[in-house]
Each structure stands twice: as C-alpha cells, then as structure tokens.
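Structure record follows, encoded as structure tokens.
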Amino acid sequence: MPPFEPSRAAAEAALQAFLPRAGHAYRAERNHDRGPGHHSAVSRLSPWLRHRLLLEDDVLRAVAAQHTVRDAEAYLAEVLWRGYFRGHLEHRPAVWARYLEERIAAQAALQDDDRLREQVETATRGETGIACFDAWVHELRDTGYLHNHARMWFASIWVFTLRLPWQLGADVFLTHLIDGDPAANTGSWRWVAGLHTPGKTYCATADNIARFTGGRFGTVTGLADTAPALTESPLPPPQPPVFSATAPLPAGARLGLLLLESDCQAESLPLPQAPASVLALTDPCARSVAPLAPAAAQFTRAALSDALQRAGHAFDLTPHGDDREDWRAAVRDWLNRDRVDAIAVARPPIGWVHDRVEPVLRALELDGVPLHRITRVHDQRVWPHSSKGFFKLKKPLSQIVASAVEG
C-alpha cells in the first residue's frame, strides 16, 4: 500500500477508492487489524482529515451519495468522532491544559526514577516481550500510522499492563502519528484510562486481539486481567464554545490570508473578499516532548506547500511560506512587506496550533489589526453537541449528514 501523499488530490483519490466499502463492508471489517500494508478495511483518510486537506463535510457528502445513512452509520459515526473530540476540548480547554502540565510532570519524573525510565525506554523501543505491542511500536515508528483498534489495544497495554503514565504514551503517539490530533489523541487515551467517561475503561484481552488480528501474534500472554479506572481531581464545568462574530474589514483594506497546519484548504474558506496576499507558517508545531518524527514533520510541511500552490491558483497570486520558528516575526514582516491591513485565518481548534498562534493573533488585535476568524461550518454543527458523551452527538447524525449534503 503506497505511503500517504500530502496533497488534496491524493486525499480525494483515497476517498473515491474507499467509498464502495463505506457501508456494510466497513461495518463488518473495520475492527480487523491485518498489519502494515493491509489496512484496506478502513478508510485511512485520517492524515488528510487531520490537516483538512480533506474536509469532513466532503466525506459525509460523498458517503451519502453512495450509501444510505443506515447502511453507512458505522463509518459516518467515525467521521463525527473526530469533530466530537475537538468539540469536547472546546467545551473543556482545561482538559488540554491539564494534559500538558501532567506530561511535563511525567517527563520530569523519569529523571528521578531510573526504573521507570528504563521501563518507558523498553516500551518505546518495542522490547517488552509482548509480541503484539512490540509489533505496533515498530509499525508506528516505521509508518507513522496505526489501525484504530491497535491504538486502543496499545493504550490499554501501556496503562494497565505496563502501568506507565498515560500522558507519556499519548506523547509517543503525538511524536510519530502522521494524523496526530490533539483532541482525538488526548480524548482517546483518556477514554481508555477511564478519565473521559469516569470509571469506564478499555481492557485489551488476548482473545480479542487474537480474533481481530487473525491470530498473527500467536498466543498473547502477560496482559492485565483488569483495568481499574484512573482518577483525577474535578475539572471546571464545561463552557459552550463561542463562535464570535468576525471583525468587519475597513473599506479598501488589503486582506491577508494566514494558513496554518490545522487547515490546509484555503480555497474553500468563506472569505469576506479575495485576499491580496497569502502566508503559510510552515514550521511544524512542537507536539511532544520529543522531536517530531520525520514522517509526521514532512507530511505537515508538504501539506502546507500543497495548500500554498492551490491558494496561488485559486486567488491568482504568488503565495509565501515562512519556515521561521518565530511566528510573531514572520507575521509582522509579512504585514509590512505585502501591506496587509487585515487578516483572515481558519480558527485552529484547541491544541498546539492554537497555543502557538493565538498569542500572535491577540497581539495583532491589540495593535488594531482586524482579524477575520473563520470557524468551519462542520465545527459549528458538531461542537454544540459535544459537551457530554458521544451519544448526544450520534443522535442527530442523520441531521448533520443532511446538512452537509445541502451545503
């Protein structure tokens, strides 16, 4: 199976190739992890969706054109899970802030605990002696991808069998996954550990692994028999996300469009006017305590390069990329060089892009630069239903799909 190509054209081709299997075939086969190069039962669209080279509404419309909602419900629900976790963090940004704090503490603990450090290093090298886990470690490092079921088993073994800090396991995923997403990754690890839905955990069992991997790991032994939920102090109550009105543009203002790794589809943004200049900040965000794996970093850079090319064609201009680590300086220089009076930007969800760019944007606002923040329509539909469990979002699934079809 070819590697992920970081372009919108490749994303659309992958979607078209998967569509015939999005109904009954997906529901029947989606939990089977057949190993590297054999993940044809699932869509593998996540790297493109993560960077919005492919939009969720594009996928919903395409699936609905070939399948009934009932037949494709299993896959349509998977598409909504991504938006659900993003919306959940928008309601509870403290979950993300707490994860970052706890990750720092867990990493610091490794410096003082030789035994724990050795255990983590053994796990991340794939040398635990648990054949399936070690194989998934190598697949993750070699390909930047894991089947979703393997991600659940991996997290469960990390937390309940190896008894390692979940925050460090989540960080391993963020280091290597091409589709690494702050909301989906944090939410999924918390769900496995019993924190997302308090008291409800996911326990990886030998029988389940053997059944859904075709027994390719032989007899799996040494797994924890129980998965007692982790606990934490109460979080602040959820607050609905605010879809703030965008700043009006002054008459005759030259609009600049700012592209970030969280949204690489400039040509479909509802802009107030055609931009006079486009800038992409192409230095990949630091996701983890470790350097970003080459495959993940390369995908992000190439996705932004593809976005710039398409933006130049769509708006008939020469777009610019800036690879500097100092985003504040990059944006300031852009404003001065291209005489940009106002900025349009797709709203980055809670996560590392948001954390890095928001201080820059707030400083510009204080200096009087009008900002036109754009929240994708899909997010506006999904996030309000994401304050509690996924069932609250799954109930209006048909309505959300219908809204996507209507445009």
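- Ring geometry for Phe85 against Trp81 counts as tilted: the plane angle lies between 30° and 60°, on a 0 to 90° scale.
- Panel note: side chain His147, backbone His32; a donor-acceptor pair is recorded below 3.5 Å.
- Under the side chain to side chain donor-acceptor pair (under 3.5 Å) criterion, Ser43 pairs with Tyr75, not counting sequence neighbours.
- Closest of all the heavy-atom pairs between Arg347 and Thr375 is CD-OG1, 3.2 Å.
- Closest of all the heavy-atom pairs between Leu281 and Leu279 is CD2-CD2, 3.9 Å.
- Pairs passing the side-chain hydrogen bond (donor to acceptor under 3.5 Å, both in side chains) check and including a residue from residues 227-236, sequence neighbours excluded, read Arg98-Glu232, Arg98-Ser233, Arg190-Glu232.
- Ion pairing between Arg52 and Glu56 holds under the 4.0 Å rule for side-chain N and carboxylate O.
- You'll find the ring centres of Tyr99 and Trp189 outside the 6.0 Å limit.
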Return all side-chain donor-acceptor pairs below 3.5 angstrom for residues 354-367, not counting sequence neighbours, or 'none' if the list is empty.
residue: Asp355; atom: OD2; partner: Trp96; partner atom: NE1; Å: 2.8
residue: Arg356; atom: NH1; partner: Asp283; partner atom: O; Å: 3.4
residue: Arg356; atom: NH1; partner: Asp283; partner atom: OD2; Å: 3.1
residue: Arg356; atom: NH2; partner: Asp283; partner atom: OD2; Å: 2.7
residue: Arg356; atom: NH2; partner: Glu325; partner atom: O; Å: 2.6
residue: Glu358; atom: OE1; partner: Arg373; partner atom: NH2; Å: 3.1
residue: Glu365; atom: OE2; partner: Arg373; partner atom: NH1; Å: 3.1
residue: Asp367; atom: OD2; partner: Arg332; partner atom: NH1; Å: 3.2
residue: Asp367; atom: OD2; partner: Arg332; partner atom: NH2; Å: 2.3

Checklist entry - How far apart are the C-alpha atoms of Val79 and Leu45, what are their side-chain angles, what is the distance that settles it, and do they pass the side-chain contact (heavy atoms from CB on, under 4.5 Å) test? => result CA-CA 10 Å; Val79 176; Leu45 297 177; over 6 Å; no
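- The side-chain heavy atoms of Glu73 and Lys394, taken from C-beta on, include a pair separated by under 4.5 Å.
- Here Arg310 pairs with Asp306 in a salt bridge; the nearest charged N to carboxylate O distance falls below 4.0 Å.
- Between Arg8 and Gln309 the shortest side-chain heavy-atom distance does not fall below 4.5 Å.
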Donor-acceptor pairs under 3.5 angstrom involving side-chain atoms of residues 398-407: please list them, not counting sequence neighbours.
residue: Ser403; atom: OG; partner: Gln399; partner atom: O; Å: 3.0

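- Note that CG of Leu257 and NE2 of His372 are 10.0 Å apart. Values are rounded to the nearest 0.5 Å.
- Interatomic distance, CG of Leu60 versus CG of Leu397, reported as 8.0 Å (0.5 Å rounding).
- Residues Thr205 and Leu223 have side chains not in contact (no heavy-atom distance under 4.5 Å, counting atoms from C-beta outward).
- Under the side-chain hydrogen bond (donor to acceptor under 3.5 Å, both in side chains) rule, Asp171 has a single partner from Arg103, Gln107, His176, which is Arg103.
- Minimum interatomic distance between Leu195 and Trp166 (heavy atoms only, all atoms of both residues): CD1-NE1, 3.6 Å.
- To the nearest 0.5 Å, the span separating OG1 on Thr219 from CD1 on Ile209 amounts to 12.0 Å.
- Checking His149 against Asp33 by side-chain atom types alone, no donor-acceptor pair falls below 3.5 Å.
- In this structure, Phe4 and Tyr145 have tilted ring planes: the angle between them lies in the 30° to 60° band.
- Residues Val172 and Trp158 have side chains in contact (heavy-atom distance under 4.5 Å, counting atoms from C-beta outward).
- At least one donor-acceptor pair under 3.5 Å links the side chain of Gln265 to the backbone N or O of Leu53.
- Considering only heavy atoms from C-beta on, Phe160 stays 4.5 Å or farther from Cys203 through its side chain.
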Which side-chain N or O atoms in residues 286-304 pair as donor and acceptor under 3.5 Å with protein atoms at least two apart or in another chain?
residue: Arg287; atom: NH1; partner: Leu174; partner atom: O; Å: 3.3
residue: Arg287; atom: NH1; partner: Leu177; partner atom: O; Å: 2.7
residue: Ser288; atom: OG; partner: Thr175; partner atom: OG1; Å: 2.8
residue: Ser288; atom: OG; partner: Ala290; partner atom: N; Å: 3.2
residue: Ser288; atom: OG; partner: Ala290; partner atom: O; Å: 2.7
residue: Thr300; atom: OG1; partner: His51; partner atom: NE2; Å: 3.2
residue: Thr300; atom: OG1; partner: Ala296; partner atom: O; Å: 3.1
residue: Arg301; atom: NH1; partner: Thr282; partner atom: O; Å: 3.4
residue: Arg301; atom: NH1; partner: Asp323; partner atom: OD1; Å: 2.5
residue: Arg301; atom: NH1; partner: Asp323; partner atom: OD2; Å: 3.2

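- Rounding to the nearest 0.5 Å gives a distance of 14.0 Å between CG of Leu393 and NZ of Lys388.
- Ala344 and Leu271 make their closest contact through CB-CD2, 3.8 Å (heavy atoms, listed as atom of the first residue, atom of the second, distance).
- One finds no salt bridge joining Arg86 and Glu90 here, because no Lys/Arg side-chain nitrogen approaches an Asp/Glu carboxylate oxygen to under 4.0 Å.
- When only modelled atom types and interatomic distance are considered, His138 and Arg141 share no side-chain donor-acceptor pair under 3.5 Å.
- Across all non-hydrogen atoms, the minimal contact from Arg92 to Pro238 is NH2-CG, 3.5 Å.
- Between Trp153 and Tyr202 the shortest side-chain heavy-atom distance falls below 4.5 Å.
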_Is there a side-chain contact (heavy atoms from CB on, under 4.5 Å) between Glu261 and Val353? Walk through the geometry before answering._
CA-CA 7 Å; Glu261 65 181 71; Val353 178; 3.4 Å; yes
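- Using a 4.5 Å cut-off on side-chain heavy atoms (C-beta onward), Arg376 and Ser268 make contact.
- A donor-acceptor pair under 3.5 Å is formed between the side chain of Thr124 and the backbone N or O of Glu121.
- In this structure the side chain of Val220 never reaches within 4.5 angstrom of the side chain of Thr213, judged on heavy atoms.
- Arg324 has no carboxylate O lying under 4.0 Å from a charged side-chain N of Asp326, or vice versa, which leaves the two without a salt bridge.
- Between Ala123 and Leu164, the shortest heavy-atom contact is CB-CD1, 3.9 Å.
- Among pairs with a residue in residues 215-234, those fulfilling ring pair (Phe, Tyr, Trp, His ring centres under 6.0 Å) read Trp136-Phe217, at least two apart in sequence or across chains.
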